[in-house]
There are 2 protein chains.
Amino acid sequence: MRDLSAPRKVATLREVAEAAGVSIATVSKVVNGRFEGMTASTRERVEAAVRELAYRPNRAGRSLRSARQSRIGMLIVDPSPRFLVDPFITNLVAGISNEVSMRGYGLLLSRIDPEEPESSYIVKGQEADALAVLLSGTAPEREHLLARLAELRHPMVVFQQAMPGGVEDVCTVRQDDVGGARQMARRILERRPSRALCLLPRQRWPAIEARLQGFEEVLAPAGVTLSQLRCDEGDMEGALDALREHLAAGPLPDVIIGTNDRLAVVAVEVLQAMGHKVPEDVGVSGFNAFPFTTPLRPRLATVRSPAYRLGELGARLLIERIEQGAFATRETVVPVELVEGESL
Amino acid sequence: MRDLSAPRKVATLREVAEAAGVSIATVSKVVNGRFEGMTASTRERVEAAVRELAYRPNRAGRSLRSARQSRIGMLIVDPSPRFLVDPFITNLVAGISNEVSMRGYGLLLSRIDPEEPESSYIVKGQEADALAVLLSGTAPEREHLLARLAELRHPMVVFQQAMPGGVEDVCTVRQDDVGGARQMARRILERRPSRALCLLPRQRWPAIEARLQGFEEVLAPAGVTLSQLRCDEGDMEGALDALREHLAAGPLPDVIIGTNDRLAVVAVEVLQAMGHKVPEDVGVSGFNAFPFTTPLRPRLATVRSPAYRLGELGARLLIERIEQGAFATRETVVPVELVEGESL
DNA sequence: ATGAAAGCGCTAACAC
DNA sequence: GTGTTAGCGCTTTCAT
């Protein structure tokens with residue numbers, strides 16, 4: 001029986017060269033598709049040997065020599081170990097993953113602790129050529145973390161937030177949260193509400209703050225009283241209770257604004273359980289709808305998120321940056337789309 | 001302005017050694033925590049230089065030398081680019097990701113095309129020390145793919161399916177789908193149904209087949225007629241239509257068995273829209289419930305999936321395999337838990 | 001207690 | 001057209 005603990009033996013350039021009766025330089029050229037001025041017979045002999053020995057280039061050797069890892073690192077700052085449950089993150093990562101694969105790169109995925117980013121595998125060694133990052137936390141917390149990440153001197157794409165100051169070789173990609181919120185707010189105004197309640201997750205995300213800003217910009221001047229309730233998304237039942245209590249304590253709002261769909265579903269749930277009709281008594285709006293994830297009924301008035309596209313775009317920008325030497329764009333904002341629904 | 005295309009310059013062992021006035025061998029020892037028989041002052045001088053120069057070991061150099069990548073590759077065979085939308089996959093990957101990070105490894109994530117697994121980044125080079133794989137497709141398709149993956153001679157953990165024959169250095173980790181389905185079937189029998197409809201996704205997954213088997217094993221002997229309907233999960237509206245048509249065409253079943261929660265939600269939706277009461281007229285059951293993902297109302301009778309744990313477990317087994325030289329276990333089955341709900 | 005040196009697999013500049 | 005060779009950064013053995 002073969003010793004399983006020994007690293008399996010894989011053919012090297014040298015072995016292929018020997019088998020084909022050529023030098024390793026020639027094999028290297030063949031493997032890398034540089035056939036200029038090479039006999040067809042040499043090429044064929046080498047290709048045969050490559051196939052014969054099932055040769056696959058050793059990435060470590062290649063990377064060491066070329067100082068290129070052909071890997072993108074994705075860092076997600078989220079306090080929850082279940083970070084991937086968030087459909088925005090999930091769609092974003094899917095977009096990045098597919099784009100990166102298509103272009104021959106690998107994707108390293110890691111959630112990181114905002115307190116000690118250096119402890120991350122991706123950050124510790126020089127594992128990736130470039131970084132894609134999604135940050136949560138307050139503005140100063142994010143700024144601080146970005147500054148530390150910038151010390152790695154990797155090109156970076158930062159998702160879902162505006163261009164940070166003081167860091168170079170960075171590019172941002174985000175959806176138009178402010179614009180989407182403004183649009184939704186205008187739609188809400190058609191109900192002529194006098195008070196609105198905005199439901200926010202406890203964890204701070206720049207995109208959520210942007211949405212809040214958009215809602216305020218439109219609703220406040222129209223004389224709508226906008227109150228806020230933060231609840232822990234990580235605990236749906238807890239969120240239900242928190243909202244129930246809040247509603248019991250004061251006058252019923254005319255509309256409840258979920259800053260994401262999950263919170264909007266909670267709102268519909270609580271309202272119906274309390275005997276209020278949606279949308280007759282209270283309107284409900286959501287945000288960030290995704291294919292296959294959005295609840296079926298009542299169809300939520302919400303905003304479609306282009307998270308998957310953001311991922312593709314960010315990955316593309318990053319790889320172009322690596323290969324061309326500079327970012328083509330510094331800031332990308334992708335429009336969002338209002339989705340009508342009977343909840344409003 | 002610095003030339004951004006040039007690979008950023010990071011301190012090397014040699015530079016740290018010069019700065020500390022020692023040899024690179026000594027620096028290497030310090031960096032790797034091998035202090036035996038080393039002067040405190042030497043160690044301190046080196047540590048100071050490491051800090052000063054912000055030294056981080058180059059992974060390529062290290063990997064080349066040690067033939068260890070300290071990376072786990074996760075391969076997911078799923079025809080959909082949105083593969084990460086599936087909450088099972090998402091929870092599984094989260095578990096793997098966190099476990100792997102904790103143990104100082106990196107996670108390479110990639111969806112692969114079952115037709116040409118060799119085209120995957122992870123597979124092409126020797127990127128990872130070991131592979132975690134989740135396969136879809138029919139049994140022969142999966143077997144064929146596994147055989148090709150086995151040629152890479154990587155230790156592998158295969159999730160959600162039974163031990164494949166003919167491959168060595170493999171270990172399986174799965175939830176008890178058959179058992180869960182049997183339990184749910186017994187719960188369903190309490191309704192004394194005469195006909196049941198089983199809703200299946202179009203894409204073949206071994207876990208789904210296992211559930212189907214569990215349901216059949218219990219329902220058929222009890223005289224329940226079990227029919228099947230496959231519908232495309234990738235298109236919720238399409239699934240709604242398909243089920244609506246199916247129900248209109250024949251007698252109403254007493255219970256609809258969703259082989260996952262998404263399909264169960266579709267069933268509830270269609271039934272209610274057709275004016276049938278759930279659970280009075282028709283009972284509905286789901287499968288694979290996850291925290292924060294499961295729909296709120298009506299509370300689904302379903303089965304809780306330990307996907308996150310499966311991920312942690314698989315990652316742990318893989319890393320122990322890498323470090324100890326052999327798998328501690330070959331086959332792990334994690335029990336599932338029935339969740340009561342008013343849908344049944 | 002510390003250092004010198006070999007060599008992991010690969011690419012590319014240059015020699016023939 | 002093809003081969004020789006230096007060297008990327010690191011770990012480890014063996015001298016001293």
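Within every chain, numbering begins at 1; the chains are lettered A, B, ... in the order of the sequence lines, protein sequences first and strands thereafter. Heavy-atom basis, side chains included; hydrogens, waters and symmetry copies ignored. Please read these numbers as outputs of a predicted model, since none were measured by experiment.
Relative to the side chain of B/K29, the nucleotides C/dG3, D/dG9, C/dT11 differ in distance, and C/dG3 lies closest. In the set C/dG9, D/dT4, D/dG1, the nucleotide with an atom closest to the side chain of A/L64 is C/dG9. The side chain of A/R65 lies closest to D/dA6, out of D/dG3, D/dC10, D/dA6. The A/T42 side chain lies nearest to D/dT2 when the options are D/dT2, D/dT4, C/dT2. Set against C/dT2, D/dG3, D/dG1, the side chain of A/T39 has D/dG1 as its closest nucleotide. Checking C/dG3, C/dA12, D/dC10 against every side-chain atom of B/A25, the shortest atom distance belongs to C/dG3.
In this structure, CD of A/E36 is placed 11 Å from P of C/dA12, rounded to the nearest angstrom. Taking atom CZ of B/R68 as the reference point, atom C1' of D/dC10 lies 16 Å away to the nearest angstrom. One interatomic measurement links the two molecules: CD of B/E15 to P of D/dC10, which rounds to 9 Å at whole-angstrom precision. One atom, CD1 of A/I24, and another, C1' of C/dG9, lie 8 Å apart when rounded to the nearest Å. The CZ-P distance, from B/R56 to D/dG9, rounds to 13 Å in whole Å. Between B/R34 atom CZ and C/dA1 atom C1' there is a gap of 15 Å when expressed in whole angstrom units. As rounded to whole Å, 11 Å separates atom P of C/dA5 from atom CZ of B/R14. Per the geometry, CG belonging to A/N32 stands 11 Å off C1' belonging to C/dA12, to the nearest Å.
Of the side-chain N and O atoms in B/S63, none sit less than 4.0 angstrom from OP1 or OP2 of D/dC10. Here A/S23 does not reach the OP1 or OP2 of D/dT4: none of its side-chain N or O atoms lies under 4.0 Å away. Here B/S66 does not reach the OP1 or OP2 of D/dC10: none of its side-chain N or O atoms lies under 4.0 Å away. Distances shorter than 4.0 Å separate some side-chain N or O of A/T26 from OP1 or OP2 on D/dG3.
Mapping B/G61 and B/G21 onto DNA chain C via the closest heavy atom, the residue that lands nearer the 5' end is B/G21.
A salt bridge is defined here as a Lys NZ or Arg NE, NH1 or NH2 lying under 4.0 Å from an Asp or Glu carboxylate O, and A/R174 with A/E331 meets this definition. The residues A/E47 and A/R45 are annotated as not salt-bridged, no charged nitrogen and carboxylate oxygen being separated by less than 4.0 angstrom. A salt bridge links B/R309 with B/E312; the closest basic N to acidic carboxylate O contact falls under 4.0 Å. Ion pairing of A/R153 with A/D169 is absent here, as no side-chain N (NZ or NE/NH1/NH2) approaches a carboxylate O to less than 4.0 Å.
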(request) Please assess A/T172 against A/V157 for the test side-chain contact (heavy atoms from CB on, under 4.5 Å), listing each intermediate value before the final yes or no. (result) CA-CA 5 Å; A/T172 63; A/V157 161; over 6 Å; no
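B/S28 comes within contact range of at least one nucleobase, with a heavy-atom separation under 4.0 Å. At the heavy-atom level, B/F35 lies nowhere under 4.0 Å from the strands shown.
Remark: B/R71 fails to qualify as a cation-pi partner of B/Y105 under the 6.0 Å distance and 45° angle criteria applied to the six-membered ring.
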